[in-house]
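Ligands are counted one by one from 1 in listed order, and the atoms in each one are counted from 1 as well.
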Amino acid sequence: MKIKMTTPLVEMDGDEMTRIIWKEIKEQLILPFVDLKTEYYDLGLVKRDATNDQITIDSANATKKYGVAVKCATITPNKQRMSEYNLKQMWKSPNGTIRSILDGTVFRAPILIDSIKPAVRNWKKPITIARHAYGDVYKSVDLKTEEPGVAELVFTGESGRVQKVTVQKMNGAGVLQGAHNLDSSIKSFAHACFKFALDSNQDLWFSTKDTIAKVYDGNFKQIFEDIYNEYYKAEFEKKGLTYFYTLIDDAVARVIRSEGGYIWACKNYDGDVMSDMVSTAFGSLAMMTSVLVSPDGKYEYEAAHGTVTKHYYRWQKGEKTSTNPMATIFAWSGALKKRGELDGLCDLVSFGDKLEQASLQTLNDGIMTKDLTALADCKTTEVTTEEFIAEIRKRLEKLM
Ligand code: NAP
Ligand code: MG
């Protein structure tokens with residue numbers, strides 16, 4: 001008897017090597033065990049082009065409706081892709097489109113195994129980075145001046161009220177930048193972080209540089225504090241969890257000295273930089289999971305890596321590849337577990353756990369794809385993607 005589902009998962013298919021892996025995971029690891037219900041959206045570049053990207057918007061709206069999605073990596077088109085796929089337009093990044101519709105925050109966490117030691121010796125548990133995905137330098141304007149002069153920051157309110165500060169009296173050539181953020185976006189970010197911390201039973205850290213950017217970063221700090229006190233403090237205390245604010249430089253020092261096991265919320269730029277630092281120090285991009293959480297509690301699970309184009313070009317020539325499917329498997333298991341949790345389906349939750357267990361067992365037995373054999377400090381056997389998935393299947397069958 002296969003495991004039953006009641007509500008469909010929103011399934012977002014993707015491109016290149018990850019699209020091949022996607023099909024393999026479904027056929028080998030999920031369909032034999034679960035009576036899978038999905039609402040299928042093909043976000044492969046061909047279909048996005050054919051629908052003028054409407055399919056991406058539809059898939060995000062379906063996520064709003066059903067609450068849980070699982071996404072395959074997708075190509076973000078550039079000039080070279082325009083000719084490769086003969087595109088009508090250089091379509092925007094699907095992740096960006098989905099993120100703006102769900103107003104979500106991205107949480108990234110590494111998958112840990114015993115034989116791959118983090119570069120930071122005392123890290124024992126995953127560190128999850130929550131990156132604010134709106135504004136600051138990513139939506140800023142710059143200019144360069146060649147002569148002395150005065151730079152001013154002017155805000156004209158709809159009411160007609162004007163606020164003005166001098167940025168700098170410049171005595172020569174130089175550069176200027178204007179950045180902004182919105183309270184509504186910072187509030188959404190804060191809610192998503194507090195909710196995710198409660199959901200995953202982890203402490204939440206938040207860091208900015210409010211001693212220097214007193215008004216700008218001070219606003220972030222204050223909004224987090226207010227939202228914590230008003231909505232989440234009681235529940236954090238009940239669960240024995242901590243919300244902890246500190247300066248970004250102090251946070252960096254503490255993170256390195258810590259043993260992990262918490263969520264680190266970062267402003268947009270800090271999150272960009274720190275997530276690459278943390279994922280590299282944990283070992284491999286192929287072992288990073290990612291989940292987009294909206295402030296009203298909708299979830300979209302995916303791998304943190306891209307479509308692994310170089311491997312795909314080799315696969316197209318008929319070569320076997322050793323591409324690591326772990327992060328994509330964990331996107332599926334995460335989504336199935338969340339669906340099970342929301343629908344009260346214990347069997348589905350337990351299946352997600354077993355799928356993760358079987359995958360980790362395979363790695364712990366030294367059976368690995370090429371990216372990991374180089375990192376592991378145990379005896380390893382390098383396998384192709386297909387062989388790796390078949391090994392997981394064997395272990396999963398035993399667990400079922
Ligand atoms: P990538 O697909 O993440 O791959 C970069 C390199 O990292 C690969 O060439 C491979 O190194 C290694 N790698 C990544 N994932 C791996 C895995 N699962 N197993 C083994 N090795 C892995 O990044 P990219 O080449 O910069 O981007 C390719 C396409 O993906 C682009 O079109 C980009 O737009 C898209 N992308 C999508 C997303 C998303 O949908 N979330 C995110 C990022 C990029 P070796 O070649 O050395 O083996
Ligand atoms: Mg980056």
Side-chain angles (χ1 to χ4, degrees), residues 11-22 24-25 41-49 53 55-56 59-60 69-85 87 90-100 102 104 106-108 110-111 113 116 131 133 272 275-276 279-280 282-292 300-317 319-332 334 359 362-363 367-376 380 382-389 392:
E11 176 185 353
M12 304 168 172
D13 207 344
D15 289 299
E16 301 194 312
M17 204 58 221
T18 40
R19 187 179 179 100
I20 311 292
I21 291 175
W22 190 262
E24 190 79 7
I25 292 172
Y41 292 88
D42 183 0
L43 302 196
L45 190 48
V46 174
K47 192 64 183 256
R48 277 183 274 148
D49 195 51
D53 210 25
I55 189 105
T56 308
S59 74
V70 55
K71 181 180 172 291
C72 181
T74 45
I75 293 169
T76 298
N78 54 17
K79 250 199 199 137
Q80 182 246 318
R81 301 294 196 173
M82 292 287 289
S83 47
E84 185 184 351
Y85 283 82
L87 299 178
M90 207 186 290
W91 306 109
K92 283 192 215 151
S93 148
N95 289 57
T97 303
I98 295 165
R99 199 153 59 213
S100 68
L102 293 177
V106 177
F107 296 85
R108 282 190 166 189
I111 302 162
I113 55 167
I116 298 177
R131 173 182 169 189
D272 187 354
S275 69
D276 279 14
S279 67
T280 308
F282 269 114
S284 165
L285 185 60
M287 296 285 276
M288 280 301 269
T289 62
S290 182
V291 54
L292 176 74
E300 182 245 302
Y301 292 84
E302 64 177 329
H305 59 76
T307 59
V308 211
T309 311
K310 281 189 213 144
H311 294 210
Y312 180 61
Y313 291 159
R314 291 208 291 271
W315 181 88
Q316 278 183 319
K317 285 191 229 145
E319 289 172 38
K320 294 256 182 215
T321 73
S322 186
T323 315
N324 188 341
M326 282 295 286
T328 307
I329 294 172
F330 273 60
W332 273 99
S359 309
T362 308
L363 293 177
I367 299 165
M368 298 175 180
T369 45
K370 192 178 179 184
D371 55 308
L372 297 184
T373 53
L375 298 169
T380 59
E382 186 185 309
V383 290
T384 63
T385 309
E386 277 168 41
E387 289 163 346
F388 183 68
I389 289 176
I392 296 175

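- Residue-level proximity to ligand 1 for N95 is carried by the side chain, the only part with a heavy atom below 4.0 angstrom.
- Side-chain atoms of D42 and R19, non-hydrogen and from C-beta on, do get closer than 4.5 Å to each other.
- Protein heavy atom nearest atom 18 (N) of ligand 1, with residue, atom name and distance: N324 O, 2.8 Å.
- Close approach of ligand 1 to E302 is summarised as follows: ligand atoms under 4.0 Å from at least one heavy atom of the residue are 41 (N).
- Heavy-atom separations between E16 and ligand 1 are all 4.0 Å or longer.
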Inset, instruction - For side chain to side chain contact (heavy atoms under 4.5 Å, CB included), just list the numbers for I21 and H311, CA-CA rounded to whole Å, side-chain angles, deciding distance to a tenth of an Å, and then say yes or no. - result: CA-CA 11 Å; I21 291 175; H311 294 210; over 6 Å; no
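- Atom 26 (O) of ligand 1 lies below 4.0 Å from none of the non-hydrogen atoms of the protein.
- Taking 4.0 Å as the cut-off, M326 does not count as a neighbour of ligand 1 on heavy-atom distance.
- Below 4.0 Å from some heavy atom of R81 lie the following atoms of ligand 1, by number and element: 31 (C), 32 (O).
- Not a single heavy atom of M17 sits closer than 4.0 Å to an atom of ligand 1.
- With contacts defined as side-chain heavy-atom distances shorter than 4.5 Å, the pair T369/M326 does not qualify.
- Note: no N/O pair closer than 3.5 Å links L285 and ligand 1 by distance alone.
- When side chains are defined from C-beta on, W332 counts as touching W22, because their heavy atoms get closer than 4.5 Å.
- Counting only distance, with no hydrogens or angles, the side chain of T97 and the backbone of S93 share a donor-acceptor pair below 3.5 Å.
- For ligand 1, the atoms lying closer than 4.0 Å to a non-hydrogen atom of K71 are 40 (O).
- Checked against a 3.5 angstrom limit, the closest N/O atoms of T309 and ligand 1 fall outside it.
- Shortest contact from atom 9 (O) of ligand 1 to any protein heavy atom: K310 NZ, 4.0 Å.
- The protein reaches atom 34 (O) of ligand 1 closely, with a heavy atom under 4.0 angstrom from it.
- Ion pair D15/R48 flagged as a salt bridge, since at least one NZ, NE, NH1 or NH2 atom sits closer than 4.0 Å to an Asp/Glu carboxylate oxygen.
- For ligand 1, the polar-atom distance check finds no N/O of D371 at less than 3.5 Å from any of the ligand's N/O atoms.
- Taking only non-hydrogen atoms, the option from T307, L45, T74 nearest to atom 37 (C) of ligand 1 is T74.
- Counting only heavy atoms, the protein gets under 4.0 Å from atom 1 (P) of ligand 1.
- No salt bridge links D49 with R81; every basic N to acidic carboxylate O contact stays at or beyond 4.0 Å.
- Checking T328, T289, N95 one by one against E302, the side-chain hydrogen bond (donor to acceptor under 3.5 Å, both in side chains) holds for a single residue, N95.
- Proximity of atom 12 (C) of ligand 1 to the protein is not indicated, since no non-hydrogen protein atom lies closer than 4.0 angstrom.
- The shortest N/O to N/O separation between H305 and ligand 1 falls below 3.5 Å.
- In this structure a side-chain-to-backbone donor-acceptor pair under 3.5 Å is present from T385 to T323.
- Considering only heavy atoms from C-beta on, Y313 stays 4.5 Å or farther from M17 through its side chain.
- Counting only non-hydrogen atoms, the option in G14, G306, S322 that gets closest to atom 38 (C) of ligand 1 is G306.
- V308 is not listed as a side-chain neighbour of E16, based on a closest heavy-atom distance of 4.5 Å or more.
- Nearest protein heavy-atom neighbour of atom 8 (C) of ligand 1: V308 CG1, 3.9 Å.
- Taking every heavy atom of A73 and a limit of under 4.0 angstrom, the matching atoms of ligand 1 come to 40 (O).
- Taking distance alone, with nitrogen or oxygen atoms compared against 3.5 Å, A286 stays at or beyond that limit from ligand 1.
- Among protein heavy atoms, atom 21 (N) of ligand 1 sits closest to H311 CE1, 3.9 Å.
- Heavy-atom proximity to T76, at under 4.0 Å, picks out these atoms of ligand 1: 32 (O), 34 (O).
- The atoms of ligand 1 that sit less than 4.0 Å from any heavy atom of I75 are 32 (O), 34 (O).
- Considering only heavy atoms from C-beta on, V291 stays 4.5 Å or farther from F330 through its side chain.
- For T323, no nitrogen or oxygen atom sits less than 3.5 Å from a nitrogen or oxygen atom of ligand 1, counting backbone and side chain alike.
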